[in-house]
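Notes follow the structure.
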Amino acid sequence: MKSKYSALPYYVWMALFTIAPLILVLVFAFTDNNGAFTIENISQVGEYTNVLVRSVWLAAVATVICLLIAYPLAYIMSRLGPSKQRTMVMLIMLPMWMNFLLRTYAWMTILENNGLLNRFFGLFGVGPFDMINTQGAVVLGMVYNYLPFMILPLYTIMVKIDNRVIEAAQDLGASPLKVASSVVLPLSVPGISTGITMVFVPAVSTFIISRMLGGGGNLLIGDLIDLQFLGNAYNPHLGSAISLVLMVIILLCMSVMNQFGEEEEREGMLI
Amino acid sequence: MRNTHIDLMTAVMSGRCEDLGSLFRFSGKKLLMLAMALLMLMLLAVPAAAEGEAASLVEDPDYYARFQGQNITLSVYNWGEYIADGSDGESIDVNGLFEEVSGIKVLYNTFATNEELYAKLKSGGAGYDVIVPSDYMVARMIGEKMLAPLDRDNIPNIRHLDEQYVYTDFDPEGAYSVPYTWGTVGIIYNTQYVDAEEVTTWDILWNERYMGDILMFSNPRDCVSIALKRLGYSMNTTDEKEIREAFETLKDQKALVQAYVMDEIYDKMEGEEAALAPYYAGDAITMMDENPNLAFSVPEEGTNRFIDSLCIPVASKQKGAAEAYINFLCEPEISLGNIDYIGYSTPSLAAMELMDEETSNDPVRYPPQEILDKTEAFIYLPAETNQLLDRLWTELLSNDQQFSRWTIPVFLLVAILFSIGLNLYRSFKKKRGNVS
């Protein structure tokens, strides 16, 4: 009984700041300016298919790159001595203490045609390369900003993998590749799925990265929602409808992925 | 919109401060000493206001003295970095002087875009007494009955202002708004890469020679108004055909455009990353101060003239005090000190007389009348036109790939089916496992 009462503030918090806003978004998405029910907003979202597909695509690419970079790093980190591990975690966390905006702004100066990188290439007489204002720059911005969110969950799950399990596999004659695919991978699946969620979800709805590094010409879904609320037309109904569609897409992506995860987890346990 | 650059810089600075904090994490004493030293510096930097200085700056001190001792608080909502506050050690502290002369306490807050101001007022709860919307937003707010009519007898200093800014297209009788600042949109360019003689027409933004060196506005209204002016149409047109035609030319232009920007323009123009861009005159002056290669010109087809006006929301409970504040901002000495800090143009003729000639003859700040005659102020467009603008704008920025509008529903359907299929397959496998 006691624990029920102590949980009350959290229930109130969730009702006020999670459930109520969700209901508001739903209500706005299905009403027009006069408050009458309509599905006009939802069907209008279809016109922005380009932007939706591009956002999901770029976020997916960034997530895969993050996973490819973070996975080996997290494994190597987890096999280091305790003090080295602490230093590494520190180094990964350090950039996150800087303001998000500042980090993205800095990439802008690095990638520009007169930027640091192109000036460096200029010393060898090559370039300048077009790096800023491309989709590649947007993906780079996403990877750079969200990489720690992939590394940390992977690392926390991998520290828990007992070294003896790996040694046992090696003793039984498993090649390094076999150890990675049959022992480490199945045991780290929960970390992978958390990491993917934590990178994909913010990446798909970002707007400041595409504005600064994409040159405004690579409109993402976040920019579109921003435009509905703080733009010319002020259309919170359409904005809510787009948010709702985005939420459904993310939810489905996540559930499909989690089912994959469960599958592998089970197989991992069988072995 | 125009002033978030400075907000960004503040964000940059605060980012550094966080860094400092973490460096000194293990030596609290040092941090404390640093903080105290900084505090001392700040105290030293604040200029001690001379007694009675404020009273000497206004024409009729008695007008303000009647509020003394009433303990009134006035809530002012203005653009960021849009008032002289004495923080640079040279300018006057407008709000401080007003508090001194009237005894009214000023609660000062800032916003970044007209739309933010609108959304804030519309959602209610924000009890502002004085706000500073731009032309088209004034018109929209008048239309939606969000502004209180002003008692002009209570603002005698309107007589100092240039009538062409008091009586405007968006408020013909000057009943709801008093002009605060104004400015024009023109082309800022780098004299090293661009021939100054060519910058007399908007056509230069469509010139293939400057491919990849052109920046454009990242908001639909400013962007399309340039295309409309170039075609000889009104910036305030509601004709769908004209708007579509303008967007077609913007699509042609897209290949030449390096980026669509707002405040990023400072970085890109000052660092010579781009050669030419349309922007607001007041901000162009800031950029020209940073990089002497930059120059500014207003094309001869005509351009947009924006006016930011002082208004009082209907919900204000301190209308008398709000009018006194507006009157105070129109005092010649105060306008002069204020505009000197802001860098835009003042509608106050009296302040211009007090100004040094170099500034009042500056063609960037105060263009000759024949250029002004060709300018247009934005008026508020009907909702359908605004939605058309937003739709065409999105199309412009995402026209490189084409997907059917059924892509998303089909994708969702496939995902759901896949999900169900996987579950069925799994339960089937499980059953078979049990049997064997």
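Letters go in sequence order (proteins before strands), and every chain restarts at 1.
When each of L412(B), V414(B), L413(B) is checked for a side chain to side chain contact (heavy atoms under 4.5 Å, CB included) with L252(A), only L412(B) meets the rule.
The shortest heavy-atom contact between G271(B) and N114(A) is O-ND2, 3.6 Å.
Both the backbone and the side chain of L219(A) have a heavy atom closer than 4.5 Å to some heavy atom of chain B. Contacts of L389(B) with chain A are made by side-chain atoms alone, with heavy-atom separations under 4.5 Å and no backbone atom involved. In this structure, the portions of L227(A) lying under 4.5 Å from any heavy atom of chain B include both its backbone and its side chain. A415(B) touches chain A through backbone and side chain together, each having a heavy atom under 4.5 Å away.
For residues 220-233 of chain A, the pairs satisfying salt bridge (Lys or Arg N to Asp or Glu O under 4.0 Å) are R211(A)-D223(A), R211(A)-D226(A), with sequence neighbours left out.
A distance of 5.0 Å separates CG of N235(A) from CD of Q387(B), quoted to the nearest 0.5 Å. Atom OG of S255(A) and atom CZ of F418(B) lie 10.0 Å apart (nearest 0.5 Å). The structure places OH of Y105(A) at 7.5 Å from CD of E264(B), a figure rounded to the nearest 0.5 Å. In this structure, CE on M212(A) lies 9.0 Å from CG on D267(B), to the nearest 0.5 angstrom.
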>> Before you tell me yes or no, could you show the steps for V53(A) and F411(B) under side-chain contact (heavy atoms from CB on, under 4.5 Å), namely the whole-Å CA-CA distance, both residues' side-chain angles and the distance that decides it to 0.1 Å?
In response: CA-CA 10 Å; V53(A) 173; F411(B) 172 76; over 6 Å; no
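Contact annotation for residues 138-145 of chain B against chain A (heavy-atom separation below 4.5 Å, listed by residue number): R140(B). Identified by a heavy-atom distance below 4.5 Å to chain B, the contributing residues of residues 38-48 of chain A are S43(A), Q44(A), G46(A), E47(A), Y48(A), in residue-number order.
With chain A as the partner, the residue from V257(B), T385(B), D390(B) showing the most heavy-atom pairs under 4.5 Å is D390(B).
Counting non-hydrogen atoms of other residues, nucleotides and ligands closer than 6.0 Å to CZ of F247(B) gives a total above 12. Annotation: F120(A), atom CZ; neighbour count of heavy atoms from other residues, nucleotides and ligands within 6.0 Å does not exceed 12.
Under a 3.5 Å cut-off, the side chain of E273(B) and the backbone N or O of N113(A) do form a donor-acceptor pair.
Taking the side-chain hydrogen bond (donor to acceptor under 3.5 Å, both in side chains) definition, one finds that R244(B) meets it with E240(B), sequence neighbours left out.
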